[in-house]
Amino acid sequence: MTTEPQSDVPTLVEDLLLLLFQPTSGTIAGENTLFYVLGGAVLADLALGDHLTTVDRGRLSSVADHPPSNDLLRPAWDYLAEKPRGVQTALAAVGPNLRKPVLERLIARGDIDQEPRKVLGLFRTTALRDGRTERRSRLLADVRRVLVDGAEPQARVAALAALLSASGTLPQFHREIPWTSAVINRAKELERGDWGADAAAAAVTRTVTATVVNSAIVAITVLPRS
């Protein structure tokens with residue numbers, strides 16, 4: 001079994017949660033369905049790293065002997081290595097436990113800061129605020145260039161923008177990313193895997209990622225209401 005060298009490069013799920021963090025309020029956008037999109041980000045990251053493939057009926061399976069080294073991604077790979085699973089099943093299995101460790105990583109990196117506060121002058125708590133790295137601003141600029149300026153995305157940025165769209169939170173970014181029909185149409189194209197010629201990703205990677213994103217959309221828009 002071969003394993004990639006450990007890297008300090010942030011995962012897609014870290015980038016997504018950082019984008020969903022709202023500095024002005026100290027909250028995370030889309031909390032009610034957060035675990036679906038975080039799970040989707042993990043599966044998409046595995047797809048981008050060629051750790052996943054699709055089998056019959058669109059189910060996902062781990063690529064044998066090619067696990068990820070990152071411990072945020074490894075549990076999902078292990079789960080799908082047991083047997084192929086439907087995407088909805090995988091999202092429900094890997095998503096719920098992601099928020100806490102991903103947020104802890106963002107805080108450890110300095111992308112998000114914690115600020116001690118008192119409630120009613122008595123109870124100690126912590127509030128989240130924008131970190132010192134400015135990485136959130138850079139990520140948002142990358143997504144804006146794709147959605148607003150029409151730039152051809154790198155595969156990772158395309159997946160990030162597609163997942164952000166899938167989360168249903170894009171209207172909350174209207175100051176940086178105007179909520180226009182052109183932006184909506186481009187976001188939907190990315191959700192479908194239409195990333196353009198410059199997104200250097202194999203066809204199977206785009207297929208897996210599009211399957212993951214669209215399954216996350218179904219989970220977000222349908223399952224919570226059922």
Side-chain angles (χ1 to χ4, degrees), residues 10-45 91 95-96 98-100 102-107 109-115 117 125-151 153-154 156-192 194-195 209-210 212-225:
T11 60
L12 192 64
V13 69
E14 289 171 77
D15 286 349
L16 181 61
L17 186 60
L18 181 56
L19 275 181
L20 291 173
F21 170 65
Q22 304 296 296
T24 55
S25 62
T27 61
I28 307 293
E31 282 277 18
N32 290 340
T33 53
L34 185 63
F35 80 80
Y36 293 116
V37 288
L38 294 185
V42 165
L43 297 180
D45 216 346
L91 290 173
L98 287 170
R99 186 189 189 279
K100 184 175 184 290
V102 174
L103 183 57
E104 287 174 348
R105 282 201 179 193
L106 293 173
I107 292 170
R109 289 180 187 276
D111 296 326
I112 294 177
D113 283 341
Q114 282 185 314
E115 183 178 81
R117 290 184 182 175
T125 184
T126 56
L128 300 177
R129 58 184 179 85
D130 204 6
R132 307 170 299 279
T133 64
E134 299 185 353
R135 193 162 67 84
R136 184 180 184 277
S137 297
R138 293 194 295 272
L139 289 171
L140 195 55
D142 288 342
V143 172
R144 178 188 166 87
R145 279 192 290 271
V146 172
L147 293 180
V148 179
D149 302 335
Q154 296 179 342
R156 183 183 177 88
V157 177
L160 184 61
L163 286 161
L164 194 64
S165 177
S167 73
T169 63
L170 264 181
Q172 298 184 40
F173 294 82
H174 63 91
R175 291 184 178 178
E176 300 91 353
I177 302 175
W179 185 238
T180 65
S181 58
V183 166
I184 295 169
N185 290 337
R186 182 57 179 137
K188 294 303 178 185
E189 290 173 354
L190 296 174
E191 289 177 11
R192 295 192 296 268
D194 181 7
W195 295 353
T209 306
V212 167
V213 169
N214 281 280
S215 294
I217 293 169
V218 172
I220 289 166
T221 59
V222 177
L223 296 187
R225 300 175 187 173

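Computed from heavy atoms alone, side chains included, the values below leave out hydrogens, waters and symmetry copies.
Counting heavy atoms from C-beta on, the side chains of Glu31 and Arg99 come closer than 4.5 Å. Within the 4.5 Å cutoff, side-chain heavy atoms of Leu164 are placed close to those of Phe173. Gln22 is not listed as a side-chain neighbour of Ile28, based on a closest heavy-atom distance of 4.5 Å or more. Leu34 places a side-chain heavy atom less than 4.5 Å from the side chain of Leu17. No side-chain heavy atom of Asp113 sits under 4.5 Å from any side-chain heavy atom of Asp130. Considering only heavy atoms from C-beta on, Val143 comes within 4.5 Å of Leu147 through its side chain.
Put simply, the side chain of Asp45 never gets that close to the backbone of Thr11: no donor and acceptor are under 3.5 Å apart. Under a 3.5 Å cut-off, the side chain of Asp194 and the backbone N or O of Leu190 do not form any donor-acceptor pair.
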Stepwise side-chain contact (heavy atoms from CB on, under 4.5 Å) test for Arg135 and Leu106: CA-CA 10 Å; Arg135 193 162 67 84; Leu106 293 173; 3.6 Å; yes
Derivation and outcome, side-chain contact (heavy atoms from CB on, under 4.5 Å), residues Leu140 and Ile177: CA-CA 9 Å; Leu140 195 55; Ile177 302 175; 3.9 Å; yes
Assess whether side-chain contact (heavy atoms from CB on, under 4.5 Å) is satisfied between Ser167 and Thr33, documenting all intermediate values. CA-CA 8 Å; Ser167 73; Thr33 53; over 6 Å; no
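Between the side chains of Glu191 and Ser165, at least one donor-acceptor pair of N or O atoms lies under 3.5 Å.
By the 4.0 Å N-to-carboxylate-O rule, Arg136 lies too far from Asp111 to be salt-bridged with it.
Taken from CZ in Arg129 to OG in Ser25, the straight-line distance is 14.5 Å, to the nearest 0.5 Å. Note that CZ of Arg105 and CD1 of Ile112 are 14.0 Å apart. Values are rounded to the nearest 0.5 Å. Expressed to the nearest 0.5 Å, how far CG of Leu128 lies from OG1 of Thr27 amounts to 9.0 Å. Between the CZ atom of Arg109 and the OG1 atom of Thr133 there is a distance of 9.5 Å, given to the nearest 0.5 Å. In this structure, CG on Leu163 lies 6.0 Å from CG on Leu12, to the nearest 0.5 angstrom. The distance from atom CG of Leu20 to atom CG of Leu38, rounded to the nearest 0.5 Å, is 7.0 Å.
What you find for Ala166 and Val213 is that their closest heavy atoms are CB-CG1, 4.0 Å. What you find for Val212 and Gly40 is that their closest heavy atoms are CG1-O, 3.3 Å. Listed here is the closest heavy atom pair of Ala41 and Leu16: CB-CD2, 3.9 Å.
For residues 173-186, every residue pair satisfying the side chain to side chain donor-acceptor pair (under 3.5 Å) rule, not counting sequence neighbours, is listed here: Arg186-Glu189.
With sequence neighbours left out, Arg156 forms a side-chain hydrogen bond (donor to acceptor under 3.5 Å, both in side chains) with Asp15.
No more than 12 heavy atoms of other residues, nucleotides or ligands shown are found within 6.0 angstrom of CD on Glu134.
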